[in-house]
Amino acid sequence: MLDQAGLHRRALFFRQIREFFFQGDFLEVDTPQRQPVAIPESAIELFVADGQYLQSSPELCMKRILARGSERIFQLCRCFRKGEVGRLHLEEFQLLEWYRRGSDYRQLMVDCEHLLAHLAGALAADGPSPSGLPPFAGITLQGPWPRLTVAEAFAAFSPLPLQQALAEDCFDQLLVEHVEPRLGMTVPTFLYEYPIALASLARKKPADPAVAERFELYIRGIELANGFSELTDPVEQRQRLDKEIERIHTEHGRRMVMPERFLADLGRLESAAGIALGADRLFMVAENYRSINEAVSFSPDDF
Amino acid sequence: MYNASDLRKGLKVQIDGSPYIVTDFEFSKPGKGQALYRCKMRNMISGNQLVKTYRSNDKFEKADLAERKMQFLYHQEDEFHFMDTDNYEQLFITRSQLGDNINFLIDNMEVEVLFFDGKAIDVSIPTFVNLEVIKADPWAKGDTSGNDTKPVTVQTGYEIQVPPFVEEGDRIQIDTRTGQYVTRVKE
């Protein structure tokens, strides 16, 4: 739970996120938290409230808004993921998402560099973080930040190379135990170009279709954002979602439905890029807290 | 049965027939990836450490553990005898199972004995115990050697560093977690 000074800093943080996007000529949107359909993702367990899903991300609605003509949109909203509890996880958390029509993942990486510089400047102008250290203590935010492909990162830090990790179904474990702890320790780092199997909504890289134009941002070994060039081909998207629906059915015995109107709207979109950033986590890292529970107004420990 | 999502610090589970306590726990979930439950555990009998990462569909048996209040009676060679103060049932625990606790056990002390599968595996003793000093070098007033502490022996045979003013026949309080001197006790 935050004290009075912490609440003030958190409010400033959110105001400055909005300020940054207003300055970039983004439109703020708001979409329902409870939805009758969801994008099928086997790794995410959804809460169900009175027969509808609590959103795990606002992406479905935001991509439809984008497809219907918006150029640049952003949203700060509550999202819900069941069973995700830990030092870096809350089951209910604040997510920041932004989308750009006619753009790709490289532009989003640049956005990240500018957004964090803006926030660090605003927080520093208000004073040190509660620990007495400056915001993002020990991290150099001056861009451009290093970019490391997933294959390069595994070659450098993992005991098994990427292809073997995938074949032996231990990609996640090696990523968490060997790769992530080495990323972003002194300067924010982008991990990018994920194997296509690990990016169900991202576009294939034209020059190398084995990988997706997807990236994650890391600071101090903590994953902060996931962005990608959107897959806008409704046919390929339907095939990938079909696979995911099948997988969820086999693994969890749940039958999810195809988000048909999402696919229909996707067809109107030429190209686009979008990103989700964990706002509570970014605030935690910026203010040098040790756990996400310390960085929010109320945590599950406070009830 | 426990699920992986029940894992947390302090949870006691059974793995390959042995009781383990979770000593460190971290939930991880890489973006678009699966949930991972990373645990450090200690075998409650052997003390061995185990580091393991579990996935959400892993399941665990509960460790069949029970605690009983018992009184320490006496020891004979390496067997330390205890009695259940409710039903007068007696049993012994070996020196090696007791570990450092033997330094602080005195006759009639009340302890909590931990049982796994009906067998005694550990003893929790009070955090602070008062023991009598049975051997100490006298304090030479005006000693200028500059030593802050000196070794003494207490009634259990345990040797401990204490301030120079502690003398034979004094009672001292010891923190059993660290084995260190706390204060001299006036009784």
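Within every chain, numbering begins at 1; the chains are lettered A, B, ... in the order of the sequence lines, protein sequences first and strands thereafter. What's counted below: heavy atoms across the whole structure, side chains too, no hydrogens, waters or symmetry copies. These figures come from a predicted structure and were not determined experimentally.
When the shell of 6.0 Å around CZ of B:Phe165 is examined, it contains more than 12 heavy atoms from other residues, nucleotides or ligands. Atom CG of B:Asp16 has 12 or fewer heavy atoms from other residues, nucleotides or ligands within 6.0 Å. Annotation: B:Arg42, atom CZ; neighbour count of heavy atoms from other residues, nucleotides and ligands within 6.0 Å does not exceed 12. With a 6.0 Å radius and a threshold of 12 heavy atoms from other residues, nucleotides or ligands, A:Arg106 has its CZ atom at or below the threshold.
Heavy atoms of A:Arg214 lying under 4.5 Å from chain B belong exclusively to its side chain. Of the two parts of A:Leu198, only the backbone, made up of N, CA, C and O, holds a non-hydrogen atom closer than 4.5 Å to a non-hydrogen atom of chain B. Heavy-atom distances place the side chain of A:Glu41, and not its backbone, under 4.5 Å from chain B. Only the side chain of A:Glu180 comes within less than 4.5 Å of a heavy atom in chain B; its backbone stays farther off. The contact between A:Glu84 and chain B is made by backbone and side chain atoms together, counting heavy-atom distances below 4.5 Å.
For residues 91-106 of chain B, a heavy-atom distance under 4.5 Å to chain A picks out no residue at all. At a heavy-atom cut-off of under 4.5 Å, chain A is reached by B:Thr53, B:Arg55 from residues 49-66 of chain B, listed in order of number.
Contact detail for A:Ala43 and B:Gly33: the closest heavy-atom pair is CB-O, 3.0 Å. Nearest heavy atoms, A:Glu223 versus B:Lys29: OE1-O, 3.9 Å.
In this structure a side-chain-to-backbone donor-acceptor pair under 3.5 Å is present from A:Asp172 to B:Gln34.
Atom CZ of residue A:Arg87 and atom OG of residue B:Ser28 lie 9.0 Å apart, to the nearest 0.5 angstrom.
Between chain A and the residues B:Glu26, B:Arg8, B:Lys32, the most heavy-atom pairs under 4.5 angstrom are made by B:Lys32.
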